[in-house]
Amino acid sequence: HSSVTAGSCATCHNGTKATGKTANHISTTSSCDTCHRTTGWTPATMNHSSVTAGSCATCHNGTKATGKTANHISTTSSCDTCHRTTGWTPATMNHSGVTAGSCATCHNGTKATGKTANHISTTSSCDTCHRTTGWTPATMNHTGVVAGSCATCHNGTKATGKTSNHISTTSSCDTCHRTTAWLPATMNHTGITPGSCATCHNGTKATGKPGAHLPTTASCDSCHRTTAWLPATFSHTTVVAGSCATCHNGSTATGKTARHISTTKSCDTCHRTTGWVPATMSHTGIVPGTCSTCHNGTQALGKPVAHVTTTAACDTCHKNFTSFAGAVFSHTGVVVGTCNNCHNGATALGKPTNHVPTTVSCDTCHTSTSTFGSTKKPNHSLLIGTCKSCH
């Protein structure tokens, strides 16, 4: 065939003049010598230059020519979608015709690369997170992730874990964080150790005490609930005695009312630390003679209607600061001749039934301000003609 014109093989090799293509010959319009040598049909070197795109399987069907192997990736795409026409390898996988969700059919670690040993635990298909053009970048889709298993991946190795300044907690990430993003997060205090609030609520990791907060070293949860700052039930357990006004000043916390008893004493001198009432009044430090400042019937109990008529201060007679009873009356300042204003048998002891008949004032004869006993004899100048009444 040395003198045969290239490309003219079929002039003779047409099955009539000379042997032509067999019935199972690869479909092609190329000249015989495109693949065969002029000295023999075999061996033949296939030239795919003129093969119609997408028709690979016409020959590569395992009969005419090598087809897909038993462990080939499952696909209906044509061979030349991934393979070159000059060789099976290297091949560039084209996922365009791959059925969504079927990644693991090939990406199982046998047919094609599968999940690595440290892959995030999930039953979702590869393409739930990965693109079909490459493993990375991957957008994590947490659908199908088992609740409470976040730390299986979010441990700082497989995936981002808690930061060094993260709130101290043993709770799962999804207790507070959403599965779509770290922020915003809704803090769930379940599992927080009592008394450890300030570990986070220090003004850095989480909101701490404001500038106007009550001075205290007690833990936040001594007064606040773990679900919100307010309402708060204040616990005075650790408050220093005598420091009430530090907070109870009318600004930081409720202070003395406008009609409060006048005193410079600390609140806890009289009030309990669990409530304003009941209060036990301590008169220690009260200025003598100022009783009526409070004991005026408004701020504190005042003189009853039947009280002895007097302008003297309460403590002139009432010496007991825990009770009105046990009063020693001092007649100092009582107007002369007004004894019976009180000594009338109702307000104070009056004349007995066997008293000398007289209309004169008590102090005409009774000169002692502490007893009815007299230091002088009766004044008879006013009793002329009535001697028999006594004598």
Side-chain angles (χ1 to χ4, degrees), residues 100-101 103-104 107 109 113-239 246-247 251-254 274:
C103 306
H107 290 286
T113 306
K115 288 190 286 187
T116 58
N118 66 343
H119 191 279
I120 293 174
S121 302
T122 177
T123 57
S124 297
S125 171
C126 307
D127 56 352
T128 304
C129 302
H130 299 284
R131 298 176 304 159
T132 56
T133 54
W135 293 119
T136 56
T139 304
M140 177 61 191
N141 184 315
H142 291 78
T143 304
V145 175
V146 179
S149 66
C150 306
T152 305
C153 301
H154 290 286
N155 53 18
T157 304
K158 290 186 183 180
T160 306
K162 287 190 288 189
T163 57
S164 56
N165 68 341
H166 191 279
I167 294 174
S168 302
T169 176
T170 56
S171 297
S172 171
C173 307
D174 55 352
T175 304
C176 303
H177 299 282
R178 297 176 305 159
T179 55
T180 53
W182 292 120
L183 299 174
T186 304
M187 178 60 192
N188 184 314
H189 291 77
T190 303
I192 301 295
T193 306
S196 65
C197 306
T199 305
C200 301
H201 289 287
N202 52 19
T204 303
K205 291 186 183 180
T207 306
K209 288 189 287 188
H213 193 278
L214 302 179
T216 178
T217 56
S219 171
C220 307
D221 55 354
S222 298
C223 305
H224 300 283
R225 296 175 304 157
T226 55
T227 53
W229 293 118
L230 298 174
T233 304
F234 192 73
S235 172
H236 293 76
T237 306
T238 60
V239 176
T246 306
C247 301
S251 299
T252 308
T254 306
T274 53

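Taking each heavy atom of Ser172 and Cys150 in turn, the nearest pair found is OG-SG, 3.7 Å. For the pair Ala147 and Asp174, the tightest heavy-atom approach, listed with the atom from each and the gap, is CA-OD2, 3.4 Å. Looking at every heavy atom in both residues, Asp221 comes nearest to Pro194 through OD2-CA, 3.4 Å. Nearest approach of Cys126 to Ala104, heavy atoms of both residues: SG-N, 4.4 Å. Of all heavy-atom pairs spanning Thr204 and Asn202, the tightest one is N-OD1, 2.8 Å. For Ser219 against Ser196, the heavy-atom pair with the smallest separation is OG-N, 4.2 Å.
To the nearest 0.5 angstrom, Ser124 atom OG is 10.5 Å from His130 atom NE2. Note that the CH2 atom of Trp135 and the NE2 atom of His119 stand 7.0 Å from one another [nearest 0.5 Å]. How far OG1 of Thr113 is from NZ of Lys115: 14.0 Å, rounded to the nearest 0.5 Å. Rounded to the nearest 0.5 Å, atoms OG1 (Thr136) and CZ (Arg131) are 7.0 Å apart. With rounding to the nearest 0.5 Å, the separation of CE in Met187 from NE2 in His201 is 7.0 Å. Here the SG atom belonging to Cys129 is positioned 8.0 Å from the NE2 atom belonging to His142, to the nearest 0.5 angstrom.
A ring-centre distance under 6.0 Å is not found for His213 and Trp229.
In this structure, the side chains of His166 and Cys200 stay at 4.5 Å or more apart for every pair of heavy atoms.
Listed for the Arg225 side chain is a donor-acceptor partner under 3.5 Å among the backbone atoms of Leu230.
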